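Keep in mind the model is a prediction, meaning the values are calculated, not measured.
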Amino acid sequence: MTDTSAWKALEEHAATMRHVHLKELFQQDPNRFQTYSMRNEQLLLDFSKQRITPETQSLLKTLADTCQLDTWKSRLLSGDAINTSENRPALHTALRQPQGSELLLDGHNIVDDVQANLAHMSDIVNRIHSGQWRGYSGLPIDTIVNIGVGGSDLGPYMSCRALSDAQLASGKKLNVHFVSSMDGSQIADLLDTLLPTSTLFILSSKSFTTIDTLSNANTAREWLRNASGASDDILNRRHFIGVSANAPKMTEWGIPENSQLNFWDWTGGRYSMWSAIGLPIALRIGMSRFKEMLAGAHAMDEHFRTAPFESNLPTQLGMIGVWNINFLDIHAHAILPYDGRLSHLPAYLEQLEMESDGKSVSRQGKEVDYRTCPIIWGEVGPNAQHAFYQLLHQGTESVMCDFIAPARRYHDTDNADLQQQHTLTLANCLAQSRILALGDSVLEDNESAPVHMRYRGNQPSTTVLMDELTPFSFGQLISLYEHKTFVQSVIWDINPFDQWGVELGKKMATNLLKPLMKETDGADLDGSSKGLLDTIHSLQEVNA
């Protein structure tokens, strides 16, 4: 990769661009916003505060062509087995294809399967919203607890918070909670506040073997046993729904078939919120609005499929990221939503991007000699301003930032105070991105300030502006970042759909259970682990 003429041309271009300040680029082209902003449906992306020129974009297109990006896009969307290490496709986009469309996999139209699962999901949502799903005592279910981890938790958790204003009246009657921690503290504290007679647990696990999820599930069932005295058959039927790609394991645990929702091994965990894993979202906002979210994601899929390089939002977002990481040596990326409803978006994107592209081995099994995924973190903008913006403005690290905000909020209310708060939030969003780009050159007499009060600027950022935060625009937003992640994986020649880096830790944790339970002496452990194990044992004996 680094020996290609496309890569070398970008390196030569970057050697010049490193000495160019964003304020100079704006002085040279006052119309940068018109040149470097683009829209699709309810999203507008402004790249004008990125350190790019027309030459940069031309060279990036050459790199994309060299890496056969268009071919890889076609392979992704058509169902080729591009997850090479697991020999299967990555077809999360099929989960949001509209009814009546066709996507053949081994000669079978998988869209029909997706729609059948959605219909089953819709039936469950309607039964719960109408009060027809009842617990062991006959009381209707009014509390939902989603038990899952990783992709089975982060996506639904983020979405329920993001779409809190889109709840249907029936959905507002439901209390929705999320449990992911394996240490028991999360579920123990939650169960103390819930009524067993009206609580339903969703067990979400692709494999249905994840020890974190099953441990919490067993704790939940024991809580119901102790409270009810009912048989496991009644409890499993009335208080548990399973969502998994492994139906036999759900049945083995005790979940009846009509309480099982399926998804498929071609759906990666961190790409699964569009599937039945999104059941908590549908329970929160209703099935019709869940389908609006799917429609927004599908609109972005089609845009990604058909839009030319120059106006393709995910492609531009991904390629400009490659420019920053590999040619401007920027290895940190801050996600900065200026809307409290998007408070969990940074955590979601941390998993999406770092678990997908946090790889150092190419598809050919060779160590790469270039940077791949940067460190990603973030926080709601107003909170971040009082936390880590000091580093963004005056630290020694170069950081690329994504500012994300809705243009409209509270416009359909008469609450002037809330409207003013939204205006203040937008003012902060625009001000921070402006200062990061231009520094204190925006102020008069800025050069007279002492050095510790100076702002150097030249920190690149993208602004993602939604018309307003709706299920449709939210679907667009998440699909945008999924495809951006894929674009970068193509350039870096890595497989974004496996995650072998997390497997050894799971295996090692299982192996450590026996020495922790004193079933073995742990003699084969390293010195640090053996010392910590002995300390834990001695402390537990004291407490006993």
Checklist outcome for this item: Minimal heavy-atom distance between R96 and L294, with the atoms involved, is CB-O, 3.4 Å
Checklist entry - Does a side-chain N-to-carboxylate-O contact under 4.0 Å join R270 and E482? => result no
Item to check | Heavy-atom pair of closest approach, residues A407 and L465 | outcome: N-CD1, 4.0 Å
Checklist entry - Does D265 come within less than 4.0 Å of K206, counting only side-chain N to carboxylate O? => result no
Checklist entry - Between T470 and S473, is any side-chain donor less than 3.5 angstrom from a side-chain acceptor? => result yes
Checklist entry - In terms of side-chain geometry, is the basic nitrogen of D301 or R305 positioned less than 4.0 Å from the acidic oxygen of its partner? => result no
Item to check | D113 and H108: side chain donor to acceptor below 3.5 Å | outcome: yes
Checklist entry - Are Q385 and Y338 linked by a side-chain donor-acceptor pair shorter than 3.5 Å? => result yes
Checklist entry - After noting the C-alpha distance and the side-chain angles of N326 and W492, does the key distance pass the side chain to side chain donor-acceptor pair (under 3.5 Å) rule? => result CA-CA 10 Å; N326 297 110; W492 295 325; 2.8 Å; yes
Item to check | side-chain contact (heavy atoms from CB on, under 4.5 Å) partner of C401, chosen from S433, S461, P460 | outcome: S461
Next on the checklist: Could you report the tightest heavy-atom contact between T209 and K249, atom names first, then the distance?
Outcome noted: CG2-CE, 4.1 Å
Next on the checklist: Ring-plane angle category for W266 and W264, please: parallel below 30°, perpendicular beyond 60°, tilted otherwise.
Outcome noted: parallel
Next on the checklist: Is a donor from one side chain sitting under 3.5 angstrom from an acceptor on the other, for T485 and D357?
Outcome noted: no
Distance-only donor-acceptor hits, side chain of residues 151-160, under 3.5 Å, sequence neighbours excluded:
| unit_1 | atom_1 | unit_2 | atom_2 | d |
| --- | --- | --- | --- | --- |
| S159 | OG | G155 | O | 2.8 |

Next on the checklist: Closer than 4.0 angstrom, basic N to acidic O: yes or no for D493 and K366?
Outcome noted: no
Next on the checklist: So which atom in M17 and which in L25 form the shortest heavy-atom distance, rounded to 0.1 Å?
Outcome noted: CE-CD1, 4.3 Å
Checklist entry - Can you list the steps and then say if Y271 with F497 is a ring pair (Phe, Tyr, Trp, His ring centres under 6.0 Å)? => result CA-CA 9 Å; Y271 299 91; F497 300 115; 5.4 Å; yes
Next on the checklist: With side chain to side chain contact (heavy atoms under 4.5 Å, CB included) as the criterion, how do F472 and Q476 come out once you've worked through the C-alpha distance, each side chain's angles and the decisive distance to 0.1 Å?
Outcome noted: CA-CA 6 Å; F472 187 92; Q476 279 193 286; 3.7 Å; yes
Checklist outcome for this item: When every non-hydrogen atom of E350 is compared with those of G378, the smallest separation belongs to OE2-N, 4.0 Å
Item to check | Pair E86-N83, side-chain donor/acceptor within less than 3.5 Å | outcome: yes
Checklist entry - Can R39 and D467 be counted as an ion pair, charged N to O under 4.0 angstrom? => result yes
Next on the checklist: If the threshold is 4.0 Å, N to carboxylate O, is there a salt bridge linking D165 and R341?
Outcome noted: yes
Next on the checklist: Do T56 and T53 pair up side chain to side chain, a donor and an acceptor below 3.5 Å, judged on atom types alone?
Outcome noted: yes
Checklist outcome for this item: Applied to residues 5-63, the ring-ring contact (aromatic ring centres under 6.0 Å, His included) test, sequence neighbours excluded, yields W7-F327, W7-Y370, H13-W323
Checklist entry - Going by atom types alone, do Q50 and T462 pair a side-chain donor with an acceptor below 3.5 Å? => result yes
Checklist entry - Parallel, tilted or perpendicular for F304 and H483, by the 30°/60° rule? => result parallel
Next on the checklist: When you compare the side chains of Q432 and H393, does any donor N or O come within less than 3.5 Å of an acceptor on the partner?
Outcome noted: yes
Checklist entry - Between N246 and S244, does any side-chain donor sit less than 3.5 Å from a side-chain acceptor? => result no
Item to check | Whether over 12 other heavy atoms sit under 6.0 Å from L104 CG | outcome: yes
Item to check | Donor-acceptor side-chain pairing of Q316 and Q57 below 3.5 angstrom | outcome: yes
